[in-house]
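Heads up, the thing below is written out as structure tokens.
Just the heavy atoms: all of them, side chains too, but no hydrogens, waters or symmetry mates, feed the values below.
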Amino acid sequence: MNEKLAADTTMGAVTLFVADLDAMIRFYRDGVALDLLAQEGDTAYLGRGAKTLVMLKHSPALKHAAPHQAGLFHTAILFDTEAALAASVYSTAQQYPGQFTGSADHLVSRAFYFDDPEGNGVELYWDRDRTEWSWAHGQVEMDTLFLDPNAYLREHLTEATVAAPNVGDATVGHVHLSVGDLESAREFYVNQLGFDTTNDFRGAALFVSAGGYHHHMAMNIWNSRGAGRRQPTLGLGEVDIVVPTLDEVGTLTERMRHYGVDARDDGRSVTFDDPWANQVRVTVAA
């Protein structure tokens, strides 16, 4: 049985359960500069081109998660150019100045961090070329170095992108989760699901990927050490992983069931819960 995800695995949309759908649409559309692709009843789809990156589901009956609960740490939106990243960062900071939480040069990428109006973390980032990444003993070198946001904007922002910030392509580059412990995260996401470990960061965060990317997913215990299974709350609804073929879905379904994981297969995708009841769906590339 193949124990690894396909090398060209990517991340799909992140689903969020939200209390105020209109306010959340405004943040991701007018701030982050995603396009509102469709709105069907209580669900809004935002992305670029025809690609949904964030799905918002109006769920007013749910309450906010308790502090230190497992769940979403951030959704990381990857831009294809630094100009496109700068445009989104500037737009978000202008529209939502109180939501900026930091910026960093991670060696493999440059990143800017915000919280959306309901407290979900959002990373906006751009990758350096893979030829510039440094690997040692099977792990990619990453760090958190100072990155001056104002200097970055002065260098990469243009009048044209200020006027029309939804430029270029964007995808969900990675999804970062808060979990209760890294041993269970490694067992589930590496040994069972089939990602490779790319960085074990100071014993407090685990970075994993397919195909040699720096990370498609990450799990940390910075705020959630010891957390148990989640109860239904606002925030993370589902993480989508996209594999290249239907055969990959079938293989993964068999593998997860082999490990005793409840894998719910609808013929086109398979859905399962990680040890903290974060819902993960694996589907086929369109």
Looking at Q192 and M256, would you say the former's side chain and the latter's main chain have a donor-acceptor pair under 3.5 Å?
no
Does a sphere of radius 6.0 Å around CZ in R130 hold more than 12 heavy atoms from other residues, nucleotides or ligands, not counting ones at 6.0 Å or beyond?
yes
Test your reading of the model: is there a side-chain donor-acceptor pair from D266 to the backbone of R268, 3.5 Å cut-off?
yes
Pick from T75, I77, L78: which one makes a side chain to side chain contact (heavy atoms under 4.5 Å, CB included) with L124?
I77
If we ignore hydrogens and angles and just use 3.5 Å, is the side chain of D143 paired with the main-chain N or O of L145 as donor and acceptor?
no
Just by distance, do the side chain of T15 and the backbone of M55 share a donor-acceptor pair under 3.5 Å?
no
Parallel, tilted or perpendicular: which one describes the rings of F100 and F114, with boundaries at 30° and 60°?
perpendicular
Under 3.5 Å, is there a donor-acceptor pair linking the side chains of E82 and Y152?
yes
Can you check side-chain contact (heavy atoms from CB on, under 4.5 Å) on I241 and V280, steps first, answer last?
CA-CA 7 Å; I241 298 171; V280 179; 3.7 Å; yes
Regarding D273 and R264, does a basic nitrogen lie under 4.0 Å from an acidic carboxylate oxygen?
yes
If only side-chain N and O atoms count, and only distance matters, is there a donor-acceptor pair under 3.5 Å linking R48 with N166?
no
Donor-acceptor contact below 3.5 Å, side chain Q139 vs main chain D200
yes
Say whether, by atom type as modelled, one donor and one acceptor occur between the side chain of E118 and the main chain of D20 under 3.5 angstrom.
yes
Measure from the side-chain N and O atoms of S224 to the backbone N and O of G180, and report whether any donor-acceptor pair falls under 3.5 Å.
no
When you measure from the side chain of W276 to the backbone N and O of A227, does any donor-acceptor pair fall under 3.5 Å?
yes
Value rounded to 0.5 Å, distance of CG in N278 from CG in L177
5.0 Å
Is a donor on one side and an acceptor on the other found under 3.5 Å between the side chain of R110 and the backbone of S103?
no
Identify every side-chain donor-acceptor pair in residues 212-220 under 3.5 Å, counting partners at least two apart or on other chains, and give the distances.
from: Y213; atom 1: OH; to: Y125; atom 2: OH; distance (Å): 2.7
from: Y213; atom 1: OH; to: D127; atom 2: OD2; distance (Å): 2.5
from: H214; atom 1: NE2; to: D127; atom 2: OD1; distance (Å): 2.7
from: H215; atom 1: NE2; to: H174; atom 2: NE2; distance (Å): 3.2
from: H216; atom 1: ND1; to: A210; atom 2: N; distance (Å): 3.1
from: H216; atom 1: NE2; to: T9; atom 2: O; distance (Å): 3.3
from: N220; atom 1: OD1; to: W222; atom 2: N; distance (Å): 2.9
from: N220; atom 1: ND2; to: H176; atom 2: NE2; distance (Å): 2.9

